[in-house]
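Encoded as structure tokens, the structure appears first; notes follow it.
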Amino acid sequence: MNPLLKAEQAVLGGVLLDPDQLAHLDWLAPDHFYRPVHQALFAALRKLRNDGHPAVAAQGPVPLSWVTDAVDEAGLHVRGLTAVYAHTLISACPRPAHAPVYGRMVLEGAIHRTVAQHAIRLHQVARADALQGEVEGALRSADVLTGVLTDLARRWGTEPRPVAPPTAPATGPASSPPVRVDQVAEDERFLLAVLTEQPRAMALVVDWLRPGDFAEPAHGQVYRCLGALHHRGEPIDRITLLWEAQRRGLLADGTLSGEQLTALCDDVLPGSTEWLGEKVMRSSLTRTAAASARAVRALAEDEALGPGRLINHALHALSPLDEVRARWQTANGSSAALPPASTPSASGAPPARVQAARARSTPHAAPSPPARTGLVPAPASVRSPARGHP
């Protein structure tokens with residue numbers, strides 16, 4: 001059986017056996033559970049406690065009403081939950097005092113799922129933006145993902161900080177481009193032709209456009225040559241460009257050919273350098289956002305990766321997008337609108353909650369009295385686990 005499912009059953013069974021365990025699980029939310037029936041039951045148990053159910057303050061054995069009332073309350077929001085399954089959950093809990101540890105396992109699974117879901121969303125929005133020639137949707141989704149990672153880090157009890165993984169995550173083959181490759185290449189060729197014909201225009205884009213922003217590697221190398229000539233203050237035309245490409249070994253290794261450079265400079269039409277540069281930047285930003293999303297999703301799907309490392313590696317995977325975004329904002333004459341920095345405040349998780357969430361496999365010093373770890377005996381037919389349950 002899936003260990004995560006066993007952990008969900010164990011934490012619920014622990015609370016059914018000992019309502020006092022809810023006091024140590026305030027940091028765990030119903031939506032951290034994977035199964036809807038488990039979400040509904042945990043929410044019902046918290047509601048009963050908040051409403052002052054007699055079982056919370058009862059001395060001696062836990063009354064059976066604690067189980068039946070929780071099942072009835074949860075049954076208002078989900079189908080298929082029975083008292084039989086509730087007793088199956090009870091039998092799935094080895095020790096009620098370990099409920100915070102089981103809850104930490106549930107939270108760990110929720111972190112992996114949440115990060116994966118938001119990475120998928122970022123990838124979808126980036127591809128949609130690429131089709132429409134926009135970037136705002138991808139930037140907003142990236143901000144949401146960053147905010148989610150920061151919140152999850154605090155729930156887990158760590159500080160969010162980008163950390164490079166030992167090895168790059170295996171993202172698999174990239175999905176097909178959402179826009180026509182020839183259209184992107186055409187925009188890049190047009191920009192390079194204008195920059196060659198109007199050398200002074202390099203000053204308009206050199207501060208924010210980089211060779212890596214070009215989808216076609218050869219075009220990026222041509223732009224690198226133009227940038228080198230501009231930096232040295234040398235004349236820029238088709239001859240000096242060809243000479244710079246030869247000095248860099250681009251002709252010898254087959255990256256470029258003289259015919260390619262000649263064709264690039266032949267058909268020159270009037271065009272706005274900044275407008276063309278921004279088109280290349282839009283393509284670069286959505287392409288980088290999609291690549292970052294694939295990397296984050298690959299990290300989230302690695303079950304061997306602990307939540308703290310997952311969060312920090314995911315933040316590192318978003319760093320290339322932050323760098324491109326900053327240059328995009330420079331091109332538009334505005335500062336980068338990054339998510340607000342998180343600072344310790346009343347909204348952060350209290351130390352006691354963090355300690356409970358992390359629950360370093362240490363049970364409570366004072367275990368619950370035996371009288372609170374057993375329910376009033378139920379009929380054998382009720383105690384027997386059902387063959388099929390939610």
Side-chain angles (χ1 to χ4, degrees), residues 1-18 21-22 24-46 70 74 78 80-82 84-120 148-149 151-153 155-158 165-166 169-170 296-314 353-364 367-368 373 384-390:
M1 181 179 288
N2 188 321
L4 180 58
L5 177 59
K6 294 290 288 184
E8 290 191 1
Q9 292 179 330
V11 70
L12 290 170
V15 174
L16 289 170
L17 283 167
D18 184 3
Q21 294 302 321
L22 281 172
H24 307 292
L25 295 168
D26 287 340
W27 42 266
L28 192 64
D31 58 4
H32 290 153
F33 291 80
Y34 177 71
R35 279 193 167 189
V37 68
H38 293 167
Q39 297 176 5
L41 184 56
F42 188 72
L45 290 167
R46 293 180 64 173
V78 70
L81 179 60
T82 64
V84 174
Y85 184 59
H87 284 271
T88 300
L89 296 175
I90 291 172
S91 65
C93 178
R95 295 190 180 183
H98 293 176
V101 184
Y102 308 144
R104 178 177 62 85
M105 299 174 187
V106 173
L107 178 59
E108 181 172 339
I111 289 174
H112 278 262
R113 286 196 310 275
T114 301
V115 173
Q117 290 167 358
H118 282 278
I120 292 171
V148 166
L149 291 170
D151 177 68
L152 291 175
R155 285 181 179 272
W156 188 249
T158 62
V296 173
R297 181 179 180 182
L299 290 167
E301 292 175 348
D302 184 359
E303 296 180 351
L305 199 60
R309 288 191 298 156
L310 165 61
I311 292 167
N312 292 336
H313 293 342
R353 185 176 301 177
V354 172
Q355 182 179 3
R358 297 176 73 175
R360 300 304 183 191
S361 301
T362 302
H364 303 313
S368 302
T373 59
S384 302
R387 292 182 179 273
H389 51 75

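Only this structure's heavy atoms are used, side chains among them; waters, hydrogens and symmetry mates stay out.
In this structure, Arg46 has no side chain to side chain donor-acceptor pair (under 3.5 Å) partners at least two apart in sequence or on a different chain. Considering only residues two or more places apart in sequence or on other chains, Asp151 meets the side chain to side chain donor-acceptor pair (under 3.5 Å) condition with Arg155. Arg113 pairs by the side chain to side chain contact (heavy atoms under 4.5 Å, CB included) definition with Leu4, Tyr34, Ala110, Gln117, not counting sequence neighbours. Looking at residues two or more places apart in sequence or on another chain, you find a side chain to side chain contact (heavy atoms under 4.5 Å, CB included) between Ala43 and Pro30. Contacts of Ala44 classified as side chain to side chain contact (heavy atoms under 4.5 Å, CB included), with partners at least two apart in sequence or in another chain: Glu73, Ala74. Partners of Phe33 according to the ring pair (Phe, Tyr, Trp, His ring centres under 6.0 Å) rule, which considers only residues two or more places apart in sequence or in another chain, are Phe42. In terms of the side chain to side chain contact (heavy atoms under 4.5 Å, CB included) criterion, residue partners of Glu108 (sequence neighbours excluded) are, by chain and number, Arg104, His112, Trp156, Pro307.
With a 4.5 Å cut-off on side-chain heavy atoms, Val15 and Leu41 do not count as touching.
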* Take His32 and Trp27 through the test side-chain contact (heavy atoms from CB on, under 4.5 Å) and record every step on the way to the result. => CA-CA 10 Å; His32 290 153; Trp27 42 266; 5.8 Å; no
* Asked: Would Leu310 and Leu149 satisfy side-chain contact (heavy atoms from CB on, under 4.5 Å), going step by step from the backbone distance to the final call?
  -> CA-CA 9 Å; Leu310 165 61; Leu149 291 170; 6.0 Å; no
* Asked: Stepwise, does the side-chain contact (heavy atoms from CB on, under 4.5 Å) test hold for Asn312 with Thr158?
  -> CA-CA 10 Å; Asn312 292 336; Thr158 62; 5.5 Å; no
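Of all heavy-atom pairs spanning Ala304 and Arg309, the tightest one is O-NH2, 3.5 Å. Of all the heavy atoms in Tyr102 and Cys93, the pair that sits closest is CE1-SG, 4.0 Å. The minimum heavy-atom distance between Leu45 and Ala70, with the atom names listed, is CD2-CB, 3.5 Å. The nearest pair of heavy atoms linking Asp18 to Pro96 is CB-CB, 4.1 Å. Shown here for Pro166 and His313, the closest heavy-atom pair between the two residues is CD-NE2, 4.2 Å. Of all heavy-atom pairs spanning Gln21 and Pro100, the tightest one is OE1-CD, 3.7 Å.
To the nearest 0.5 Å, atoms CG (Leu16) and CD1 (Ile90) are separated by 5.0 Å. Here the CG-CD distance, from Leu305 to Glu303, works out to 11.0 Å after rounding to the nearest 0.5 Å. Residue His98 holds its NE2 atom at 10.0 Å from CE of Met105, rounded to the nearest 0.5 Å. Rounding to the nearest 0.5 Å places CG of Leu17 at 13.5 Å from CZ of Arg95.
With hydrogens and angles ignored, the 3.5 Å screen pairs no side-chain donor or acceptor of Thr114 with any backbone N or O of Ile111. Panel note: side chain His38, backbone Arg35; no donor-acceptor pair is recorded below 3.5 Å.
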